[in-house]
K.L.:
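One structure, pasted below without further comment.
Any value given below was found using the heavy atoms of this structure, including those in side chains, with hydrogens, waters and symmetry copies removed. All values derive from a computational prediction rather than experimental measurement. Numbers restart at 1 for each chain; the letters A, B, ... are given by sequence-line order, proteins then strands.
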Amino acid sequence: MSPEIALLNNYLIVGAILFGLGLIGFMSRRNMIVMFLAAEMMLQGVSLSLVAWSRFRNDFGGQMLVIFIIAVAACEAAIALGLVTTLFQRSGRLDIADWHALREANQPAFVDEPISEETSTEEPLPTLARAGVAPQVPPVKTDYRPNV
Amino acid sequence: MPEISQLLPLIPALPLAAAMLTAVLGPRLLRKQSHWPTVLALALSCTASLMLLCKVHREAGQEEYERSGYEKIVTLYTWANVDEAYESDLRLRSPEGTVVISQGRKPLENGRLRQQSPEGATVNSRRDDSNKDSLATAAPLGLYNSEVIPFQGFTSLANDCRPEGTKKQGATIKNFRIEIALRADPLTAVMLAVITFVSTLVAIYSIGYMHGDPGYWRFFSYISLFVFSMTMLVSASNFLLLYVFWEAVGLCSYLLIGFWCEKPAAAAAGMKAFLVNRIGDFGFALGIFLIWTTFGTLDFHDSTAMGVLGKMRLASPEPIVNGAVGTAICLLLLLGACGKSAQFPLHVWLPDAMEGPTPVSALIHAATMVTAGVYMLARCMPLFAASPFALHAVAVVGGLTALIGAVVAITQTDLKRILAYSTISHLGYMFLAMGAGTVLGVTAGMFHLVTHAFFKALLFLAAGSVMHAMGGVIDIRRFGGLRRIMPVTHWTFLIGGLAMVGMIPFAGFYSKDAILLAVAEKFSFGNHVDLVYQTLYWTTFGGIFLIAVYTFRPFLLTFYGKDTVIPPEAGHHAHESPLSMTGPLVILALGAAFLGLYLEKTGGLAEFLAGTPSVAYLNRYPLAPEPSHETLESLHSSIGRQSTVMVAAGILFTIFLYAGSRRRLADRLAGPMKRLGLYQLSFGKLFFDPLYRLFVVRPLELFAQACAWFDNRFIDGSVNLVGILPKLLGAALRPLQGGLIQFYALAMILGVLIFLGVLLL
């Protein structure tokens, strides 16, 4: 395996990893901003492989295309964030599942499984045998939203 | 004086312009003045027609037209012109009666060189027995052989327009060429004059009659449109144009019968007229198709090709077309004429057409449109002359219709329907005259057409005047003694009635006698006795008595009687009609009184009509040797005497039955008639309507219902089935569209993966 091909392989692997991470992120997250970032990541993965091929083939077309992609991605980011902001102002939430008006007319609406209101029960501190003064442990904040 | 080429297009153009003007401006602008465009246009058109008549009369009298007849063609526009539209091979043609034009064919060897026999010869080789065999052998070679010069002209012309090398021996080229071509010849000129004259008077009459009608402008617009169509019909110079305006007058008739379309009877009558006419028009259309396949042209005149009734074709003594094809053409044309002219068995629409306004009944359903069939027969007479069977059919249809109309008219109680049946009867007389197939017959039929237009329009308009005064009541049992309040109507009706029964010296006398003479001539002089014509003659001669009865019965019941009986519908305004209505009555009465005498004594009409190419053909090549003038005259005068006696007897009989207090006699006579069933037969109009209902309408309705069921269940069902398939498919795929973005993304990725998997495998 020539060094060029080895180098290409490395780049392609990184690009594929970037793409795969973006894909997984896009599919698994419901926060619109995160989904948008994941989509950008997929784009960057593709861009990377394009640059790698371009360099390998000594053809600058691919790099040119990547510059275009970056420019378009910038525009896209502006628009997407604008949309996300508007949607957030409407519902007060960033959850993409709130927006399912495009489904077929007689299909049941997606209903989120209710988030079980986990009351943070105070973990019993580890108790040790009284052997001195009890340590001062700060209370742990648990009111974050686990599914966001 | 303007030229014919300027006058002729003007005659239909003016009514068309008036129709459009009235239709556009009538509803908003003209309103109660809507009659002006129509009346002015028709008056101008009438003037133009009379000028045309004079002009044609002057030019047709010239010596060069004496033999072949006079015609002048004005081509306005070439509608379609396709060279080599149709090519046919000589060998494929029907052996009988087709005109085949081929190049370089040798003259026939049968020695019948027509040019060598003098024109006026009484012996006619066409009917000569000795030539029958040679004719049979000659027929497959075509009717026109090279010895006829014009025929070669056409051949060269047809071949000139083909590229070299494609010439095929024995093939004919047919140019499909349809022109808007108008013709001026004596027949057309006479028809135009009658149509425009009567329609002008009727339009003036309508000003009074239709006064205050909500559809005033619509009425005059339709009337103008009708006159346009009718003038185009009689001046058209090819069969297609004739057919187009044949339909157009049918349309106008439909519109005007159903003029008061909110009345169900009027709407139904319009529909009935239209549908019954469809049958006739269907036959006419088939006849035209057959003419096209036989002759390869539809023109009457010679243009690029030899016209069907063109002078070149008529110049030959051969029948225009003979054999089975010729008879078929003639019978189909006769069917068309029967529909339009309300002849048996298609006469049932005309009595119902009386639902329309009375001026319409007078103009369209008495004087002009219904005579279109007679005109068409006169125009196509050279085709009929070749087929004795077709001539017999025309005569039998005419005679039968004359009798049917007369029998039914006797017992009807609706004044307008009585007149409608009398129209049917008189049209039957005209058909009978045409069925004679002689110059005498054609001119007699046209003569009767002219006089009939006057006296029948007069009678209808007088009936309309009565109806106007009686508040729309037209049942003759409900009024009587009207001569005291409607003197003008009474006198004009009397003159019209006398003209219709054919009392000397009124118009109908001369024209009816001319018809009887034409029929009598068919069996009085020949060696063989033609039973058909003889039977028809005596039947129609007896019909004269019936004419007298059915004319004077309504006359006496309406205008005479001890007391003046007025129905309550008339209210207080039972009075003589206004001047716009009585004026046309008086003018028509003058025509009905003196026109026949004038035309008969000058002999101008028959002589003038004989200058039409179609009629001149009959004159040059008569079916049988013509009797001498003296024998004809003696026959004529004896017929005149007999018919006068018959008419007088009929009138006296009617007066005896109905006049004064003796009216009970009529009732007494009706008793045994009713027991015999004769009265019911006549009163029930010979039960044509129920019979048609049972044997035509009902089966058709059942068939239509079956078709509707098939359409709704089977055809619509299969279409609906196809429509259901996508619906089912959609229902199956619908759960996929849940609205969740992630699900869509997943579907895309799965799709890509499947695609990649397939690629890799």
K.L.:
Just wondering, are more than 12 heavy atoms of other shown residues or ligands nearer than 6.0 Å to CE in M42(A)?
P.N.:
yes

K.L.:
Are there over 12 heavy-atom neighbours, none belonging to R57(A), within less than 6.0 Å of that residue's CZ?
P.N.:
no

K.L.:
Write out, in numerical order, the residues from residues 695-722 of chain B with a heavy atom short of 4.5 Å from a heavy atom in chain A.
P.N.:
none

K.L.:
Which residues in residues 737-752 of chain B have any heavy atom lying under 4.5 Å from a heavy atom of chain A?
P.N.:
Q737(B), G738(B), G739(B), L740(B), I741(B), Q742(B), Y744(B), A745(B), L746(B), I749(B)

K.L.:
More than 12 heavy atoms of other residues, nucleotides or ligands under 6.0 Å from OH of Y692(B): is that the case?
P.N.:
yes

K.L.:
For M27(A), I'd like to know if atom CE has over 12 heavy atoms of other residues, nucleotides or ligands within 6.0 Å.
P.N.:
yes

K.L.:
Who passes ring-ring contact (aromatic ring centres under 6.0 Å, His included) against F284(B), sequence neighbours left out?
P.N.:
Y243(B), W246(B)

K.L.:
Look at atom CH2 of W99(A) and say whether more than 12 heavy atoms of other residues, nucleotides or ligands are closer to it than 6.0 Å.
P.N.:
yes

K.L.:
According to the salt bridge (Lys or Arg N to Asp or Glu O under 4.0 Å) rule, which pairs have a member within residues 249-271 of chain B, sequence neighbours left out?
P.N.:
K263(B)-E355(B)

K.L.:
For the CZ atom on R103(A), are there more than 12 heavy atoms of other groups (residues, nucleotides or ligands in this structure) within a distance under 6.0 Å?
P.N.:
yes

